[in-house]
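Worksheet: the structure to be examined is printed underneath.
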Amino acid sequence: VLAGCETPRTERGWTPRVMTAEQAELVATIAEHILPETDTPGARGVGVHRFIDTMLAEYYGATDRANFLAGLADVDVRARRAGGKHFVDAPKAQQVAILSELDREAYANASPHFFRTMKELTLLGYYTSEPGATRELQFNPTPGRFEGCVPMSRIGRAWSV
């Protein structure tokens, strides 16, 4: 609980707990393809890679964590096979081609797949971040005035289920 009260650290001062710095950069790059910056911050801008590292450290079991990290390694293997570079150094078109291939594989069968988990964590991290919840989703903290005691004559007919 107290970990949630920490003051956010700058990117330079942040150290991943499960991933290496290179893996965190790979996650940030993939996440930015999933939710790129537009008129609102993208996945990298809201720190989705940091969120994913926290999820891996605190909520994922050893097997799921190992599967996720193996999936990251596979992304880099595919990039090197396609162009001899790490995924983060590959041209954007090659990155998109690799992610499109992973996306097709992820939804071709019902078994868990790295890229499906990556997309789910990216969306969860983004839309539960302050910018994702307030700027992208147009958060309205008070949707209207609450009147707890209103005469039935003003309401008219009451609804029931």
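Positions are given from 1 along the sequence. Computed from a predicted model, the values in this text were never measured in an experiment. Just so it is clear, the values below take in all heavy atoms, side chains as well, and ignore hydrogens, waters and symmetry mates.
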Mind checking side chain to side chain contact (heavy atoms under 4.5 Å, CB included) for Ala66 and listing every partner two or more places apart, or none if nothing turns up?
none

Establish whether Leu137 and Leu124 are linked, either directly or via other cluster members, by ILVMFWY side-chain heavy-atom contacts under 4.5 Å.
yes

Kindly say whether Pro16 contributes a backbone atom to a donor-acceptor pair with the side chain of Asp53 at under 3.5 angstrom?
no

Between Tyr126 and Ile34, does the side-chain contact (heavy atoms from CB on, under 4.5 Å) criterion hold? Intermediate values first, please.
CA-CA 10 Å; Tyr126 185 82; Ile34 296 169; over 6 Å; no

With sequence neighbours excluded, residues passing side chain to side chain contact (heavy atoms under 4.5 Å, CB included) with Pro41:
Val46, Pro131, Arg135

Atom of Val48, atom of Ala31 and distance for their closest heavy-atom approach
CG1-CB, 4.0 Å

Quick one: salt bridge (charged side-chain N to carboxylate O under 4.0 Å, His left out) pairs with a partner in residues 60-73, sequence neighbours left out?
none

Among residues two or more places apart or on two chains, list those pairs meeting ring pair (Phe, Tyr, Trp, His ring centres under 6.0 Å) that have a residue in residues 76-109.
none

Sorted by first residue and then second, give each salt bridge (charged side-chain N to carboxylate O under 4.0 Å, His left out) pair with at least one member in residues 82-103; sequence neighbours left out.
Arg78-Glu101, Asp103-Lys119

Could you state the interatomic distance from CZ (Arg81) to CD1 (Ile98), rounded to the nearest 0.5 Å?
9.0 Å

On a heavy-atom basis, the closest approach of Leu72 and Leu26 is O-CD2, 3.4 Å

Name all residues meeting the salt bridge (Lys or Arg N to Asp or Glu O under 4.0 Å) criterion together with Asp76; count only those two or more places apart in sequence or in a different chain, and write none if there are none.
Arg80

Check: Tyr127 main-chain N/O paired with Glu136 side-chain donor or acceptor under 3.5 Å
no

Would you indicate whether Glu120, at its atom CD, is surrounded by more than 12 heavy atoms from other residues, nucleotides or ligands within a distance under 6.0 Å?
yes

Going hydrophobic residue to hydrophobic residue with side-chain gaps under 4.5 angstrom, can you get from Val77 over to Phe68?
no

Test: salt bridge (charged side-chain N to carboxylate O under 4.0 Å, His left out). Region: residues 29-38. Which pairs qualify, not counting sequence neighbours?
none

Sorted by chain and number, sequence neighbours left out, salt bridge (Lys or Arg N to Asp or Glu O under 4.0 Å) with Glu22 holds for none

Test item: Glu25 and Arg44 side chains (from C-beta on) under 4.5 Å apart, heavy atoms:
yes

Quick one: pull up CG in Asp74 and CG in Leu69 and give me the separation to the nearest 0.5 Å.
12.5 Å

Donor-acceptor list for residues 111-118 side chains, cut-off 3.5 Å, not counting sequence neighbours:
from   : atom 1 : to     : atom 2 : distance (Å)
Ser111 : OG     : Asn109 : OD1    : 2.9
His113 : ND1    : Phe115 : N      : 3.0
Thr117 : OG1    : His113 : O      : 3.3

Check step by step if side-chain contact (heavy atoms from CB on, under 4.5 Å) holds for His49 and Trp14.
CA-CA 11 Å; His49 55 293; Trp14 176 72; 3.9 Å; yes

Counterpart residues, side chain to side chain donor-acceptor pair (under 3.5 Å), relative to Asn67 (two or more places apart):
none

Intermediate values then yes/no, side-chain contact (heavy atoms from CB on, under 4.5 Å), Thr122 and Ile30:
CA-CA 9 Å; Thr122 299; Ile30 295 170; over 6 Å; no

